[in-house]
Amino acid sequence: MQTLIKNGTIVTALGEYQADIAIDGEKISMIGRNLPGSYEKVIDAAGRYVLPGGVDNHSHFEALNSDGVTFNAGYDTSYVAVLGGTTTVVDFASNDPGKSLIDSINYRLEVRAKGKVVPDIALHALCTDFSEETLEEIPKLVEMGVPTMKMFMAYKPTPMYMDDFKLLKTMQKAAEHGMTMFVHAENADVLNVLRDQYAEKGLLAPKYHYMTRPPYSESEAVSRAVTFAKAVRCPLCVVHVSCAEAAEVIKNARADGAPVVAETCPHYLVLDKHKMDDPDFDQSCRWVCSPALRDKADQDYLWDALKRDAVSLVGSDHAPIPMYQKYWGKDDFRAIPNGSPGSGDRLNVLWTYGVAAGRITRRKLVEIFAATPARLCGIYPQKGDIAVGSDADLVIFDPGYEGTFSVETNPTGVEYNAYEGMAQRGRPETVLLRGTVVVEAAKFVGTPGSGRFVPGKPYGMAYDLL
């Protein structure tokens, strides 16, 4: 099918200009004025911005806990991502019980996601059961298009926990094959000491979650991870950086030549820890995530860090945990599953509280929302750009929309929206996935199962990102 998008203002990470876009099948074929040809579909984007489809480098659909039990909403809810302008999710594939990482990834693609996932999907390996076999799998993972792996420095003593021995050995092997390592950086021993101390005093409400995950537990773990990465020259992304202390460590390490970038998330940019002070468990449990929400000063620091390139990208850390699962920790905050939904709200939060508030430019938004995540995961410029030959993943964004974040208008796949009641400015009006309209008039019109696996290339974190 040939499609023309006309009269819009194109915004990429490199520039902003008025031009039309011709689509032939699934690819962008021409960009310019007065484009020749006849088109079966013409979309008038006058008064709108045309953005690359978002790449969400951090999602957890249908996750597994350390016991292999499935939690979080599944891939049948992934339509929420495209409603929010994200056309590619990069999901984490953990070890299934008794399975290697490679077998787990194949099972996820062939069984868990098949026929359900709406956006295109790339994958990170998520090591939750380390063995010597894990190290031997690294070159094979890279070959099969999974050039990234995440490790948890928290959650001791579960199998998810990676001690320094495992962390260093994995980084050494990854560096040999162009694999970028991702780390969840919190000091596991600090967390366990504080959580147990509070529990012994009977302090078990959700607000004690943030009190037992202090910023220094994050900054110490970040320092350790970047020290190892620099020593063995392993590309490293520290995910969900939440506080000024941790971001400062990364900023200084980058200045000193460490191959590291930082990701933050929308909830750390606009929500603060006092959301968990509400005595109503039904409310306060919704914002239990890790690392914990921080202070207003940390939000201001992170916005500034994005502007200065000290923080390089924004992923949602989409963890759509149903309320019945949050209630597992009704009497003990330590049992509340950590995470919050957000893949569908990443663009809306960045535009409303970033672009519309004057904190970041439109070009910066595209950089942190689409281009840099795609590069980091080895899928750029197929994804994350508006260029001839790129996939026709496009968002026609209406900057004039005014509304309120709500689970009714901004569905998340679960019963609540983390930004419920907050003002919203602008929204995706039309979204195309590989040339096919999947969102029209801000309503999902796509087909479950339309998403395809997008293999990534190694060495995605080229040093020009640093």
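Side chains are part of it too, since the values below use all heavy atoms of this structure and drop only hydrogens, waters and symmetry mates. As the structure is a computational prediction, the values presented were derived from the model and not from experiment.
- Listed for the Glu420 side chain is no donor-acceptor partner under 3.5 Å among the backbone atoms of Ser406.
- In Lys207, the NZ atom is not crowded: 12 or fewer heavy atoms of neighbouring residues, nucleotides or ligands sit closer than 6.0 Å.
- Taking a cutoff of 4.0 Å between a charged side-chain nitrogen and a carboxylate oxygen, Arg254 and Asp309 do not qualify as a salt bridge.
- The backbone N or O of Thr352 sits nowhere less than 3.5 Å from a side-chain atom of Gln424 that would complete a donor-acceptor pair.
- Formation of a donor-acceptor pair under 3.5 Å by the Thr227 side chain with backbone atoms of Ser223 is found in this model.
- Every residue two or more places apart in sequence or in another chain was checked for a salt bridge (Lys or Arg N to Asp or Glu O under 4.0 Å) with Glu245, and none qualifies.
- Side-chain atoms of Glu176 never come within 3.5 Å of backbone atoms of Gly178 as a donor-acceptor pair (strictly under, hydrogens ignored).
- The main-chain N or O of Gly342 is found under 3.5 Å from a side-chain atom of His318 such that the two form a donor-acceptor pair.
- The cationic group of Lys166 does not satisfy the cation-pi geometry with Phe130, failing either the under 6.0 Å distance to the six-membered ring centre or the 45° limit from the ring axis.
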Check residues 79-88 and write down every donor-acceptor pair under 3.5 Å in which the side-chain atom is one partner and the other belongs to a residue at least two apart or another chain.
unit_1 : atom_1 : unit_2 : atom_2 : d
Thr86  : OG1    : Arg346 : NH2    : 3.1

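- Salt-bridge annotation for Asp282 and Arg286: present, with a side-chain N of the basic residue lying under 4.0 Å from a carboxylate O of the acidic one.
- Side-chain N or O atoms of Asp298 include one that pairs as donor or acceptor with a backbone N or O of Asp295 at under 3.5 Å.
- Using a cut-off of 4.0 Å between Lys/Arg side-chain N and Asp/Glu carboxylate O, Arg108 and Asp96 are scored as not salt-bridged.
- For the pair Ser94 (side chain) and Leu126 (backbone), a donor-acceptor distance under 3.5 Å is absent.
- Ionic pairing of Arg224 and Glu220 is present here: one or more N-O contacts between side-chain nitrogen and carboxylate oxygen are shorter than 4.0 angstrom.
- Between Glu218 and Arg294 there is a salt bridge, since at least one side-chain N of the basic residue sits less than 4.0 Å from a carboxylate O of the acidic one.
- Ring centers of Phe397 and Tyr49: at least 6.0 Å apart, outside the cut-off.
- Note on residues 135-145: pairs passing side-chain hydrogen bond (donor to acceptor under 3.5 Å, both in side chains), not counting sequence neighbours, are Ser100-Glu137.
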